[in-house]
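Notes to accompany the following structure.
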Protein chains: 2
Amino acid sequence: MPRKPEYDRDDLILRARDLFWRQGWAGTSLKDLERELKLKPGSFYAAFGSKDALYALALQRYAADGVARLRKLADELGPKAALQTQPRLVAEGAGMPARACMLAKTYAELQAKDHDLAEKADAHLAEMRACFSALFRRAQEAGEIGRPHDPDRLAARYQSDLLGLRLTAERNDVDALAIAEDIAADIDRL
Amino acid sequence: MPRKPEYDRDDLILRARDLFWRQGWAGTSLKDLERELKLKPGSFYAAFGSKDALYALALQRYAADGVARLRKLADELGPKAALQTQPRLVAEGAGMPARACMLAKTYAELQAKDHDLAEKADAHLAEMRACFSALFRRAQEAGEIGRPHDPDRLAARYQSDLLGLRLTAERNDVDALAIAEDIAADIDRL
DNA sequence: TATATACTTGAGTGATCGCTCAATAAACCC
DNA sequence: GGGTTTATTGAGCGATCACTCAAGTATATA
């Protein structure tokens with residue numbers, strides 16, 4: 001029977017995700033990945049098949065973690081408070097490799113070329129939006145926000161605002177926390 | 001005395017801007033530019049010096065046009081209506097090569113590598129924000145919106161929302177116009 | 001018309017891109 | 001220990017990257 005790999009595949013995907021998240025698709029070369037993951041080209045291709053395949057895994061992991069974090073927040077604080085806390089956490093950006101959304105960055109970079117990864121990012125964004133929508137609906141059912149609003153529309157606006165905030169928070173001459181507070185305050189007015 | 005160039009330099013910069021806007025920095029090769037501008041490498045380098053130099057000119061042009069369009073809008077409609085109309089125009093995206101903001105795309109793509117063009121994009125974004133801030137101030141002075149709000153803070157939030165909207169409008173499964181209306185409605189509540 | 005001054009052309013530069021593969025090393029079962 | 005199976009290694013593949021430059025061409029002045 002065979003030899004076992006020396007690396008932890010899941011950890012490699014995580015490290016690759018952080019690198020792709022920061023530097024983007026074209027901005028991350030195989031040399032970069034080999035250095036970061038400590039993998040020679042042969043091992044890299046045996047493990048993942050291609051740069052794009054690894055990027056797809058990284059995207060998937062990014063989206064799954066995002067959904068999981070939001071669900072956990074909603075379980076602890078309730079739907080409305082979760083939606084209000086999310087922008088604050090994003091603005092602080094503690095422990096994240098970058099503020100801007102990796103899905104948005106991927107989509108923006110690759111959409112014009114009809115790249116497969118842009119479609120995947122798009123799908124993950126839709127998934128996130130559905131998640132927001134569900135939280136707004138739950139907040140309505142719990143009486144935390146008013147009924148007349150369409151949860152899907154609220155979710156679309158909320159996601160748009162979050163994407164803007166995350167992009168803005170990447171820069172250093174803007175008070176991202178103030179914007180986060182304003183987004184949270186908007187939810188109080190619903 | 002010498003021969004005159006066969007191209008219109010200003011028109012070349014415009015066409016290059018549209019290409020860079022859509023495809024980004026790494027996504028646009030010199031082959032792409034040569035094809036689009038109908039320039040052989042020699043002429044290209046004689047005219048612009050480098051890909052980065054042309055990109056910088058394109059960024060400059062993008063920002064200048066943006067400011068000019070906003071000023072014109074404010075002259076015609078007044079400051080408040082201009083701020084409300086801008087998101088609608090962006091969501092419709094008539095005649096634009098892309099919805100997403102070129103400055104934001106540039107910054108997001110190149111910031112991690114400390115590229116000179118990221119700094120330039122950052123500066124242009126600050127310039128745009130100052131423009132928004134001035135319009136909010138004028139709207140206050142004209143009594144169109146309430147006094148208690150800080151124009152700089154309003155401008156930061158407004159720019160963030162716009163960037164999110166423009167990113168969102170690039171996708172096709174979201175009703176960008178609805179978001180634009182919601183952003184405009186927020187200004188009515190000030 | 002002769003000359004000077006640019007602009008245009010395109011083959012070709014070295015560097016880097018994502019990726020392949022044959023050789024070697026290590027871990028398992030018998 | 002022998003044999004099988006898989007991981008690791010790293011030189012190197014063709015393609016493409018941004019870019020150069022010498023040769024050819026067109027337009028102005030004298």
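Numbers restart at 1 for each chain; the letters A, B, ... are given by sequence-line order, proteins then strands.
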salt_bridge(Glu36(A), Arg15(A)) N-O dist < 4.0 Å
yes

For Lys40(B) and dT25(D), give me the distance from atom NZ to atom P, rounded to whole Å.
15 Å

Just how far, in rounded Å, is P of dT8(D) from CZ of Arg9(A)?
12 Å

Base, sugar-phosphate, or nothing for Phe48(B), non-hydrogen atoms under 4.0 angstrom?
nothing

May I have the distance from Leu37(B) (atom CG) to dT8(C) (atom C1'), rounded to whole angstrom?
15 Å

Polar side-chain atom of Tyr62(A) near backbone of Met102(A) as donor-acceptor pair, under 3.5 Å
yes

Distance (rounded to the nearest 0.5 Å) between Arg137(B) CZ and Leu154(B) CG:
10.0 Å

Letter per nucleotide, 5' to 3', of nucleotides 13-20 of chain D [B base touched, S only sugar-phosphate touched, - untouched; heavy atoms, 4.0 Å]
----SSBB

Quick one: Leu39(B) CG to dT9(C) C1', roughly how many Å, whole number?
11 Å

Is there a path from Leu83(A) to Leu190(A) through hydrophobic residues (I, L, V, M, F, W, Y) whose side chains come within less than 4.5 Å of each other?
yes

Within 45° cone of Trp25(B) ring axis and under 6.0 Å: Lys51(B) NZ or CZ:
yes

Those residues at least two apart in sequence (or on a different chain) that pass side-chain contact (heavy atoms from CB on, under 4.5 Å) with Ala155(A) are Arg129(A), Phe132(A), Ser133(A), Phe136(A)

